[in-house]
Amino acid sequence: MSKPLHGKIALVTGATRNAGRGIAIELGAAGATVYLSGRSGGGHTSPENRPETLEQTAAMVEAEGGTAVVVPTDHLDSAQVRALIERIESEQGRLDVLVNAIFGGNSLLEWDKPVWEHDLDGGLKMLRLAIDTHLVTAHHALPLLTRHPGGLLVEITDGTNAYNADNYRVNTYFDLTKAACNRLAFTLGHELRPHGGTALALTPGWLRSEIMLDAYGVTEENWRDALAKTPHFAISETTRYAGRAVAALAADPQVARYNQQSLDAGSLAKEYGFTDLDGSQPDAWRYLVEVQDPGKPADTTGYR
């Protein structure tokens, strides 16, 4: 198996579940040594109260022939993040890829609640979990990332700049978190460019994440049973699809052409030629604009 990222060092924050887990697995499969951070590890669970752990993610990375290092970290705690980066520096002397996939605010979401009805403390906490964590991590990690030219920072978000600019996303707090991650890629790309680094934002499509599968009462094996309730779920994708997008970007010597841009997994699949685990190429954001949002019947023909 090709290992285009052999010798590269990656840090995936928020690697416990969702896109972070899929990205960690694919970076490891491509040959990178992957440090995994988040709050659900070392015997501790996050306030999300989910069963997934960093150790489980590490086992999945290793099952694909990769190398994973688990470092439980609360990314709101500057001292913990500093210790994490110091450990990577001590053990590896470099950091080539940083993926900021931290969120941890799903339990705080109140769908379609106006700001005056949404729980204030919960909303503000969501902003801290989605924005402050990324800033704390960037502050401590980017000096190491810029030590060698070619460093890549990937901000994981939900929705491209173009889509989010025209669409209300769940509620004001959630909307702000995703707009902020896209903008962080722009500002950090500006700051990384003089040091030979690249920052970009990446959105998966409709993820068949652990939380989403549980919400529909299905598993990855029988996920299509959910289409009876939600036909447009047919465009969904595994978390590994976004992982393959990040691995392709990290292996691209010309990745700087994407600096400061907002990208999506479906478009990158066509650019780089990778597929989801089933061999398809879901193009979720184009599907949302052209099929789901206009109220057309579910039909993924031409979109996967």
Side-chain angles (χ1 to χ4, degrees), residues 1 12 14-29 36 38 40 45-46 48-66 68 101 103-107 109 111 156 158-159 170 174 202-247 264-270 273-293 295-304:
M1 181 181 295
V12 180
T16 310
R17 61 184 70 86
N18 300 338
R21 172 172 279 186
I23 291 166
I25 294 170
E26 291 296 335
L27 287 173
L36 314 174
S40 299
T45 59
S46 79
E48 294 284 273
N49 197 30
R50 294 284 309 175
E52 300 85 19
T53 66
L54 291 172
E55 287 81 5
Q56 291 171 350
T57 302
M60 294 174 182
V61 172
E62 291 162 1
E64 295 293 330
F103 179 44
N106 287 299
S107 61
L109 285 174
W111 285 77
I156 300 300
D158 187 328
V170 181
F174 184 85
L202 176 69
T203 179
W206 194 338
L207 273 184
R208 292 200 299 276
S209 64
E210 300 86 357
I211 293 172
M212 184 62 68
L213 291 171
D214 285 352
Y216 282 121
V218 295
T219 66
E220 181 56 33
E221 287 68 36
N222 70 341
W223 69 270
R224 289 186 176 276
D225 291 351
L227 304 189
K229 178 180 179 181
T230 308
H232 290 299
F233 194 52
I235 196 61
S236 65
E237 64 199 47
T238 73
T239 62
R240 300 278 291 275
Y241 195 48
R244 291 178 175 183
V246 173
D264 68 278
S267 296
L268 288 174
K270 292 177 174 59
F274 62 85
T275 67
D276 204 348
L277 296 182
D278 63 0
S280 69
Q281 292 181 315
D283 194 352
W285 294 101
R286 186 168 64 89
Y287 178 88
L288 262 62
V289 170
E290 298 178 4
V291 180
Q292 179 177 295
D293 292 353
K296 296 179 181 178
D299 182 0
T300 61
T301 303
Y303 294 94
R304 35 177 340 131

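Numbers here are sequence positions counted from 1. What you see is a predicted model, and the numbers here were worked out from it, not measured in a lab.
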Minimum heavy-atom separation for [X] to [Y], with atom names?
| X | Y | answer |
| --- | --- | --- |
| Ile211 | Arg17 | CD1-CD, 4.3 Å |
| Thr57 | Ala15 | OG1-O, 2.9 Å |
| Asp264 | Trp285 | CB-CD1, 3.7 Å |

Between Arg21 and Thr239: side-chain donor-acceptor atoms closer than 3.5 Å:
no
Note, Arg304 side chain near Glu237 side chain (heavy atom, < 4.5 Å):
no
Mark yes or no for whether [X], through its side chain, and [Y], through its backbone, hold a donor-acceptor pair below 3.5 Å.
| X | Y | value |
| --- | --- | --- |
| Tyr287 | Ile235 | no |
| Gln281 | Ala269 | yes |
| Asp276 | Asp278 | no |
| Ser209 | Asn18 | no |

Look at the rings of Tyr216 and Phe233 and say which category their plane angle falls in: under 30° parallel, 30 to 60° tilted, over 60° perpendicular.
tilted
Drop me the distance from [X]'s [atom1] to [Y]'s [atom2], to the nearest 0.5 angstrom.
| X | Y | atom1 | atom2 | result |
| --- | --- | --- | --- | --- |
| Leu268 | Arg244 | CG | CZ | 14.0 Å |
| Leu202 | Ser267 | CG | OG | 10.0 Å |
| Glu220 | Glu210 | CD | CD | 10.0 Å |

Show, in sequence, the C-alpha distance, side-chain angles and deciding distance for Leu207 and Met212, and conclude whether the side chain to side chain contact (heavy atoms under 4.5 Å, CB included) test is met.
CA-CA 7 Å; Leu207 273 184; Met212 184 62 68; 6.0 Å; no
Criterion side chain to side chain contact (heavy atoms under 4.5 Å, CB included) on Trp206 and Gln292, from CA distance to verdict:
CA-CA 12 Å; Trp206 194 338; Gln292 179 177 295; 3.4 Å; yes
